[in-house]
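Got a structure for you, written out below as structure tokens; questions coming shortly.
What you see is a predicted model, and the numbers here were worked out from it, not measured in a lab. Values below: all heavy atoms of this structure, side chains included; hydrogens, waters and symmetry mates excluded.
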Amino acid sequence: MAREPLINIILFALFPVTAGVAMVLDEPFIITLMTKAAILALAGVGLNIALGLGGLVSFGHAAFFGIGGYAMGVLASHAQSYTPIMETPILIEGTKSMLVIWGVAVVAAALAALLIGVLSLRTTGVYFIMITLAFGQMLYYFAISWPAYGGEDGLSIYIRNDFPGLNTLDPIQFFAIAFTVLAAVLFIAGRLAKAPFGLALSAARQNPERVETVGVAPFRLRLVAFIISGAVTGLAGALFADLNRFVSPTMFSWQTSGEIMIFVILGGVGRLFGPVAGAALFILLEHVLGGLSDFWHVYLGLLLLLVVLFARGGLIGTLAGKETAHD
Amino acid sequence: MTEPVLEVSHLKKRFGALKATDDVSLTLMPNEIHALIGPNGAGKSTLIKQIAGGLRSDSGTVEFAGRDVTALGTVARARAGLGRTFQISSLAMEYTVLQNTVLGALGRDGHVMRFFQPVMKNRKLVDQGMAALTRVGMADLATKRTADLSHGQRRLLEVAVALTLEPKVFLMDEPMAGLGASGSKRLTGFLHTLRAEAPILLVEHDMDAVFALADRISVLVYGQIIATGSADEIRRDPLVREAYLGAEDAA
Amino acid sequence: MSLILLIEQVLNGIQFGVMLFLMAAGLTLIFGVMGLINLAHGSLYMVGAFAAAAVAGWTGSFALALIAALAAAAAAGALVELLVIRRLYDRDHLDQVLATFALILIFSEGTRYIFGSFPLFLDIPAALSGPVLLPGGILYPLYRLVIIAVGLLVAAGLFVLIAKTRIGIQIRAGEADREMIAALGVDISKLYTLVFALGAALAGLAGALVGAIQSVQVGMGEPVLILAFVVIVIGGIGSIKGALIGALLVGLTDTLGGALLPTLFATFMEPSSANTIGSAVASMAIYILMAGVLLFKPSGLFGAT
Ligand SMILES: Nc1ncnc2c1ncn2[C@@H]1O[C@H](COP(=O)(O)OP(=O)(O)OP(=O)(O)O)[C@@H](O)[C@H]1O
Ligand SMILES: [Mg+2]
């Protein structure tokens, strides 16, 4: 089973190496693609905490992705128009500081996950899948019908937000930011999986009755996992919006939820680096197949179908063998 | 007079027309092994579930350590000190044997919301998990995947996990099943020493074990306790003979 | 708002609800019998709409268009069941979600490949177009009344099918115990294909009927699919009765919410913000309804607990 860590390292190194080579060859588009892959991977890493570790099949993670996106959109749009978000009872102004935006995105997504989780986690199985889906849709329609921030058309931000000491408009520097965030979150998620919380959460997925019998409530574990998961996906949403300098209700759409899920599955559920592999593969397919045919989603669909039916460990599972590594 | 650690009063449970538990009352005294026997489908597992909190009773009360726990769920009852083993093993199958007992130790310790330090490097929890495995003679299987264990080994692991909880009462549902003759004998010896730590309500079909261990035996038939007493009293009881051997033999 | 307008909105709500029922009935039946969550149900709705639009375009006959919709959706359903879905019955819900999500991608892009990205149009047949005068002096489109009638007929038909016929008995038995009815000699895989095709045909019918009042285009199925999910979550998964009641609740809430909430909010707010906030809340009304139901009944109004 020593193959999986090796594959992880190679896979991970592929990101900065590709971006670095692209920089040398002066191919900013490739760097941007790698940045996008890193950000989408981050969204997947978030979902994987709920899905892989906790067994919570959330079909509504677009909610958190979108909240992160709009956190950035709202804050930055007020900063660029020099209008405060709110004057009474306290003055709240917009900001172009990436770090502040991340903080707001994480907290807002975590709060949303708390609310959605408290309601959704009362149910299990298909009900849970459908309810999370419905909450995502709820925010989607809200974003469409709320005109203040662009409604259906979305919201453009003219200049990328600031990061202390870096020029965020330089593709390689922005890539470095996204990649570092991904690396840090992967490190934390890896620790989380092995920590007491991860042991109990994963046990609750395997057998909730067992966890109750040792005096631990699965609901609390799942709720906390859902919150962490939503917060990470929210952070990815803020970065994604910054990458595109644009937010729109599409970030909330159920297709977005489906795609985040695809990253996790293509790579391999419950594997730390699964979403990284999945997002990279997704971007590669989008780029290669999308260049060959306008209808590349047919091929994506076929591939996904084949993976689900015949290669359940996903990309990493296929490369590293069936078993997940254990301590 | 000593107080019972566990006192079950007038518990009832219906499944449709079936009275699975029909006005059952019983007590478990300190350091006692109280065996619950009865034919298949008598309602033994149902009763254990009602006591452990996994199944809500229609009526009746469960008092535990001087406290009415009837309204509490499984989690709260486990935290109060009820340690249960399942008839059909209920373990985290993807985990190693040791991870299962460490999970128990973690539940006992109560600090689940810790997110950073690897749990399998936590000396205290791992030691407790290993100690429990050693006590049931499974230390050499610590790194084996639970899904790869035999049925008997899973039953033992259930017992080991219950040990890590350091409960005030053990509720054991057929721990001997699948162990084979020598395994049963060893577990019998072990349970005999365990009673010094906490009393055991023991559901068991293995009559050798029951008669060797039990201070008192209750016989459950069709959801009702038809007799409670010492091994000898139960052997002689005409109702029990009738239930087990049929009407003619009893006559 | 005038009473006439209100009645009109109620009728719109019922029409919408009835259409949702056609979708939700198939979904809930398939889940109840086979334990399968089928995201591609919206694709079958789309297939029905496209088949109807294409056939109506060639022949000019609405009746033929409806038959084509039923046939095409049922055939697509049966085919998909044979090729993909039957491999998913024993899988967990995650696999089912993903595989049927993959089917959506394939169906949507496939349809776009065949018919292009531009919407098709399906005309309401002349005999059914135009308004009728209802008691109380209300003018209401005849076609929408026909949709309501068709939906209620289908509902009645389904109740009879499930309660009275041999197949219905097998379906109910299949919900209760798969192995048992297989042991009794019922060909379970045939039964499953049949149920799936039936659900697909209902979705196709809904697609064709709605195709005449909206445009027929790729991606039309998914919003309806998600609403149908809300319906069966509210009604209780597996229950046809729950699907009917849930569908009417959702249809009415959505339609009336959109019409009434802005007015309601205007009673205590200034008109412009009442309008935005009112319509924003209205767009979320059914999800709020769903959350409310689940708060009290986590497995829906008529779901087994
Ligand atoms: N959830 C349930 N729903 C309906 N009936 C049930 C349920 N659980 C148990 N029963 C029925 O209740 C009766 C008692 O079952 P129980 O499992 O308690 O018996 P038992 O004494 O443990 O039997 P065994 O010795 O075989 O383990 C049986 O007839 C069983 O079929
Ligand atoms: Mg039993």
Side-chain angles (χ1 to χ4, degrees), chain A residues 1 49 52-55 110 122 184-229 231-232 269-272 312-313 317 321-327, chain B residues 49 52-54 73-86 88-122 125-126 129 143-147 157-158 161-162 164-167 171:
Chain A
M1 291 310 114
I49 293 171
L53 215 52
R122 293 164 47 83
V185 171
L186 274 172
F187 175 72
I188 294 171
R191 295 296 291 235
L192 186 81
K194 296 201 157 115
F197 175 76
L199 182 83
L201 176 65
S202 177
R205 165 177 58 79
Q206 298 167 47
N207 189 342
E209 190 180 47
R210 168 43 62 202
V211 176
E212 288 179 359
T213 310
V214 302
V216 177
F219 179 84
R220 282 187 58 209
L221 296 169
R222 290 174 180 154
L223 184 58
V224 172
F226 199 68
I227 292 171
I228 298 173
S229 165
V232 171
V269 197
R271 292 168 196 267
L272 184 58
R312 300 177 76 189
K322 285 257 178 299
E323 304 276 304
T324 4
H326 275 283
D327 278 5
Chain B
K49 268 182 221 151
T74 307
V75 172
R77 292 191 202 189
R79 299 210 62 80
L82 278 171
R84 172 189 182 191
T85 74
F86 291 85
I88 298 164
S89 301
S90 188
L91 297 159
M93 287 301 187
E94 294 170 20
Y95 277 168
T96 62
V97 168
L98 180 59
Q99 278 173 314
N100 267 291
T101 52
V102 168
L103 177 68
L106 179 63
R108 162 80 189 141
D109 159 89
H111 296 101
V112 204
M113 294 297 166
R114 282 179 302 182
F115 303 93
F116 213 66
Q117 296 307 326
V119 66
M120 299 310 285
K121 297 218 168 80
N122 182 320
L125 296 180
V126 172
T143 55
K144 199 161 173 161
R145 233 171 89 104
T146 306
L157 180 52
E158 288 262 339
V161 176
T164 60
L165 299 176
E166 297 172 3
L171 305 171

Worksheet item: At a heavy-atom separation under 4.5 Å, does A/Val224 approach chain B through its side chain, its backbone, both, or neither?
Response: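 Looking at A/Val224, just its side chain touches chain B.
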Item to complete: Could you tell me the separation between the OH atom of B/Tyr95 and the CG atom of A/Asn207, rounded to the nearest 0.5 Å?
Response: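 The CG atom of A/Asn207 is 11.5 Å from OH of B/Tyr95, to the nearest 0.5 Å.
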Item to complete: Only one of B/Val119, B/Leu125, B/Asn122 passes side chain to side chain contact (heavy atoms under 4.5 Å, CB included) with A/Leu199; say which it is.
Response: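 Testing each of B/Val119, B/Leu125, B/Asn122 against A/Leu199, the sole residue satisfying side chain to side chain contact (heavy atoms under 4.5 Å, CB included) is B/Val119.
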Practice prompt. Look at B/Leu165, B/Leu82, B/Val102, B/Leu103 and state which one has the largest set of heavy-atom pairs under 4.5 Å with chain A.
Written response: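 Answer, by heavy-atom pair count under 4.5 Å with chain A: B/Leu103.
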Worksheet item: Which bit of B/Arg114 comes within less than 4.5 Å of chain A, counting heavy atoms only: side chain, backbone, both or neither?
Response: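 For B/Arg114, heavy atoms of backbone and side chain both lie under 4.5 Å from chain A.
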Worksheet item: Quick one: CZ on A/Arg210 to CE on B/Met93, what's the gap to the nearest 0.5 Å?
Response: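 A/Arg210 atom CZ to B/Met93 atom CE measures 10.0 Å (nearest 0.5 Å).
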Item to complete: State, with a plain yes or no, whether a side-chain heavy atom of B/Met113 is found less than 4.5 Å away from one of A/Arg220.
Response: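 The answer is yes, as the side chains (C-beta and beyond) meet within the 4.5 Å cut-off.
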Worksheet entry | Which of B/Val112, B/Val161, B/Leu106 touches chain A most, by non-hydrogen pairs under 4.5 Å |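 That would be B/Val112.
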Fill in: Segment of A/Leu201 engaging chain B (4.5 angstrom heavy-atom cut-off)
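Looking at A/Leu201, nothing touches chain B.
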Worksheet item: Atom NZ of A/Lys194 and atom CD of B/Gln117: how far apart are they, to the nearest 0.5 Å?
Response: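 Rounded to the nearest 0.5 Å, the NZ-CD separation comes to 13.0 Å.
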Item to complete: State whether B/Arg77 and A/Glu212 are salt-bridged, where the test is any N-O pair (Lys NZ or Arg NE/NH1/NH2 against Asp/Glu carboxylate O) under 4.0 Å.
Response: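 Salt bridge flag = no for A/Glu212 with B/Arg77.
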Item to complete: Describe, in one word, how the ring planes of A/Phe187 and B/Phe116 are oriented to each other, choosing from parallel (under 30°), tilted (30 to 60°) and perpendicular (over 60°).
Response: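 Ring orientation, 0 to 90° scale: perpendicular.
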Discussion item. At a heavy-atom distance under 4.5 Å, which candidate from B/Ala92, B/Gly110, B/Ser90, B/Gly54 has the highest pair count against chain A?
Written reply: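 With the most close heavy-atom pairs to chain A, the winner is B/Ser90.
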Worksheet entry | Top contributor to chain B contacts, counting heavy-atom pairs under 4.5 Å, from A/Val211, A/Leu192, A/Ile228 |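 It is A/Leu192.
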Fill in: Minimum heavy-atom distance B/His111-A/Pro196, with the two atoms named
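Scanning both residues, the minimum pair turns out to be O-CB, 4.1 Å.
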